[in-house]
Amino acid sequence: MKNLQRTHQLDHTRDVVRVVQVTDSHLCRTSGGTLLGMDTDHSLQAVLDSIQREQPEVDLVLATGDLSNQGAVESYVRFQTYMEQLGAPAFWLTGNHDSHADMLKVAADSPLFCNEIRTATWQILMLDTQVPGAVEGELGADQLGLLEGALEHAAEQRLHSLVCLHHQPIAIGCKWLDQQMVADADSFFRVLDRYGGVKGVLWGHIHQQVDSERKGVALMASPSTCIQFAPGSESFRVDDQSPGYRWLDLHRNGTIETGVSRVVDVSFKVDLDSGGYL
Ligand SMILES: [Fe+2]
């Protein structure tokens, strides 16, 4: 999987590419399964309802990992069906809770998995940070090599780049989550620093919003479509904020406009006192 190299050309004519990021849905094997008391099918559908109300034109959907809670084929089949509601091509990343093998049983013959999505002026890179059997993330030589080659191409073609990961490449101030960040983040940023075209880095995993910046590059993390983790926590702690998603407008001049939207009209059940989950 880490060696897979595929590029998808997005047929797109408008000036702005409207991207929606949906992340960490943690769907269980059967519909109605719960994570810390929350029905993750119900919460995903509530987020999709918000997207459909708020985003009349979606050009592409980025699903940045932990689509399934236990990596079951049944959950990926349902996830794919849910995404069809948005009427836009979706692209998947693998998270630490996912199973490559079972995702491929659903996605092998589709463009769901690709390393690069291209428009006339943008390149969106999907890099795999999963380390099989581990919670922590790492890119490794393969993905770093893909990144370097893709950014070289982008420099030649004068494309702007958005780089997507599952795990976070920076410490976010949650001690327990910071232990899981991309192990070779230093190498990752060294590659980015060699190219001027990278405008943003986008990830999931941390179930909370981050909007930061490094050397002019936007650093963005987003709420899960199910449970939220409390910012600034030393150890595992669930937050009472609602599920949500992120939208991004990629402009031709390289500007990214972005925002996070959370579900406001639905109440969710969640066990706030939980000490963790597997
Ligand atoms: Fe997650």
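Both ligands and their constituent atoms are indexed starting at 1 by order of listing.
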Q.
Please determine whether a side-chain nitrogen of the Lys or Arg among Arg214 and Asp193 lies less than 4.0 Å from a carboxylate oxygen of the Asp or Glu.
A. yes
Show me the donor-acceptor pairs, under 3.5 Å and distance only, between side chains in residues 263-273 and residues at least two apart or in other chains.
unit_1: Asp265; atom_1: OD2; unit_2: Arg53; atom_2: NH2; d: 3.4
unit_1: Asp271; atom_1: OD1; unit_2: Asp273; atom_2: N; d: 3.1

Q) With sequence neighbours left out, what residues match Thr119 under side chain to side chain contact (heavy atoms under 4.5 Å, CB included)? A) Leu10, Val17, Thr121, Trp122
Q.
Salt bridge or not between Asp178 and Lys175? Use side-chain N to carboxylate O under 4.0 Å.
A. no
Q. Just by modelled atom types, is the Asp98 backbone N or O under 3.5 Å from a matching donor or acceptor in the Ser68 side chain?
A. no
Q: Using 2.8 Å as the cut-off, count the protein N, O or S atoms closer than that to the Fe ion (ligand 1).
A: 4
**Q.** His153: ring-ring contact (aromatic ring centres under 6.0 Å, His included) partners, not counting sequence neighbours
**A.** none
